[in-house]
Amino acid sequence: MSTTFTIDSATSRATPVAAPMKRLTVPAIRQRKGAIAAGEGEPLVMLTAYTVRMAQLMDPQCDLLLVGDSLGQVIYGLPSTVPVTLEMMAAHAAAVVRGSYHALVVVDMPFGSYEASPQQAFESAARLLKESGAAAVKLEGGTAMAPTVAFLAERGIPVMGHVGLTPQAVNALGGYGARGRSAAEAAKIVGDARAVAAAGAFALVIEGVVEPIAVEITTSVAVPTIGIGASAACDGQVLVTEDMLGLFERTPRFVKRYGDMAGYVAERVATYANEVRARAFPGADQVYAPRE
């Protein structure tokens with residue numbers, strides 16, 4: 001049995017708390033590639049998480065929890081991931097780490113925090129890992145970002161790559177449509193994936209590409225691939241949890257809705273509102289009677 005430590009804010013001491021199992025590590029995730037390729041291991045399960053409670057609920061079922069910059073849209077109502085800041089990512093990643101004990105926690109590096117130089121990327125990544133306790137960072141980009149991936153990996157910062165549809169580049173891409181429909185773009189995406197893997201990324205997210213691209217990448221790189229709108233042939237899958245649970249009316253084409261949380265919440269809130277207006281809540285069980 002492993003031990004995690006939580007900070008008692010009243011005393012600033014670390015209090016041992018028994019954890020039911022050891023947290024997965026970056027080497028353990030990377031090594032799953034061989035077993036999966038040989039048909040001897042299960043695909044990797046990854047979902048996004050932004051809060052303690054959601055991390056607690058998902059952690060037992062997930063190999064990885066991604067603190068995605070999608071929180072800009074999901075949590076903050078921003079039009080894209082571009083405005084997301086390091087402060088936002090660090091705060092939510094710390095919450096997810098506190099709410100989990102099993103899954104490897106990966107945190108997105110937001111737009112503008114790593115593209116200028118490998119040195120900028122190191123400073124941003126180091127800050128994220130220090131302030132959150134996450135185990136790894138994820139950054140978008142292909143061949144152009146390979147030197148940055150190598151720079152970070154050589155300095156002890158595990159990096160997950162992200163190729164194909166890269167949401168931080170939505171302004172340059174002109175939208176969120178599937179990538180790789182032309183032969184030239186397909187070849188570029190495959191080349192990007194190989195370059196990032198060769199530079200030292202321990203895993204790759206492949207997003208929003210036509211399926212043959214995802215299959216080719218998965219069979220040609222030595223690290224696990226995690227698909228989102230890619231292919232079941234990838235070594236694992238990731239979705240934005242709120243999309244998968246049906247918390248929003250609009251669902252991307254590549255998402256399977258496993259629930260209707262929006263409908264459930266709306267119904268429960270309507271019931272509550274009706275009971276309040278009818279003075280049916282609170283009832284006798286929800287108020288305090290005088291002591292006799």
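Quick note: residue numbers are just sequence positions, from 1.
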When every non-hydrogen atom of Met89 is compared with those of Val107, the smallest separation belongs to CE-CG2, 3.8 Å
Cation-pi check, Arg268 onto Tyr264 ring (under 6.0 Å, within 45° of axis) = yes
Smallest heavy-atom separation, Val221 atom then Ala193 atom, equals CG1-O, 4.2 Å
Taking the six-membered ring of Phe281, is NZ or CZ of Arg279 closer than 6.0 Å to its centre and within 45° of its axis? no
Here the ring-ring contact (aromatic ring centres under 6.0 Å, His included) pairs for residues 66-97, sequence neighbours left out, are Tyr76-His92
In terms of heavy-atom contacts, Ala199 and Ala153 come closest through O-CB, 4.4 Å
Here the gap from Ser132 atom OG to Arg127 atom CZ, rounded to the nearest 0.5 Å, amounts to 11.0 Å
Interatomic distance, OG1@Thr218 vs CD1@Ile36, rounded to 0.5 Å, equals 10.0 Å
Report task. Side-chain contact test, heavy atoms from C-beta onward, threshold under 4.5 Å: evaluate it for Ile29 versus Leu64 and give yes or no. Result -> yes
Rounding to 0.5 Å, atoms CZ (Arg257) and OG1 (Thr251) come to a distance of 4.0 Å
* Can you list the steps and then say if Leu104 with Val26 is a side-chain contact (heavy atoms from CB on, under 4.5 Å)? -> CA-CA 7 Å; Leu104 182 81; Val26 166; 4.0 Å; yes
CG of Asp63 to CD1 of Ile226, rounded to nearest 0.5 Å, is 8.5 Å
Smallest heavy-atom separation, Leu204 atom then Val223 atom, equals CG-CG2, 4.2 Å
Item to complete: Kindly determine whether Leu139 and Met145 satisfy side-chain contact (heavy atoms from CB on, under 4.5 Å), including the steps that lead there.
Response: CA-CA 9 Å; Leu139 58 80; Met145 295 309 303; 4.2 Å; yes
Using atom types as modelled and distance alone, determine if a side-chain donor or acceptor of Glu115 lies under 3.5 Å from a backbone N or O of Gly112. yes
Looking only at heavy atoms, the pair that brings Leu129 and Ile157 closest together is CD1-CG2, 4.0 Å
Interatomic distance, CD@Gln73 vs CZ@Phe248, rounded to 0.5 Å, equals 9.0 Å
Less than 4.5 Å apart, side chain to side chain, heavy atoms only: is that true for Leu65 and Asp59? yes
Would you say Tyr50 and Thr241 are linked by a side-chain donor-acceptor pair, where the criterion is simply a distance under 3.5 Å? no
Are Val67 and Thr48 close enough, and set up right, to give a side-chain contact (heavy atoms from CB on, under 4.5 Å), and what steps lead you there?
-> CA-CA 6 Å; Val67 187; Thr48 60; over 6 Å; no
(Q) Between Arg23 and His102, is there a side-chain heavy-atom distance shorter than 4.5 Å? (A) no
task: Treat each ILVMFWY residue as a node, draw an edge where side-chain heavy atoms are under 4.5 Å apart, and state whether Val45 and Val205 are in one component.
output: no
Open item on the list: Please determine whether residues Ile75 and Leu47 belong to a single hydrophobic cluster, defined as Ile, Leu, Val, Met, Phe, Trp and Tyr linked transitively by side-chain heavy-atom distances below 4.5 Å.
Closed with: yes
Donor on one side chain, acceptor on other, Arg194 and Thr143, under 3.5 Å: no
Would you say Leu44 ends up clustered with Val215 if hydrophobic residues are merged whenever their side chains have heavy atoms under 4.5 Å apart, either directly or through other cluster members? no
Taken to the nearest 0.5 Å, the spacing of Asp235 CG from Ile217 CD1 works out to 11.5 Å
inquiry  = Side chains of Pro212 and Val210, heavy atoms from C-beta outward: is any pair under 4.5 Å?
reply    = yes
*So Val84 and Phe111, side-chain contact (heavy atoms from CB on, under 4.5 Å) or not? Walk me through it.*
CA-CA 7 Å; Val84 172; Phe111 177 74; over 6 Å; no
Looking at side-chain heavy atoms only, is the closest gap between Val159 and Lys138 below 4.5 Å?
no
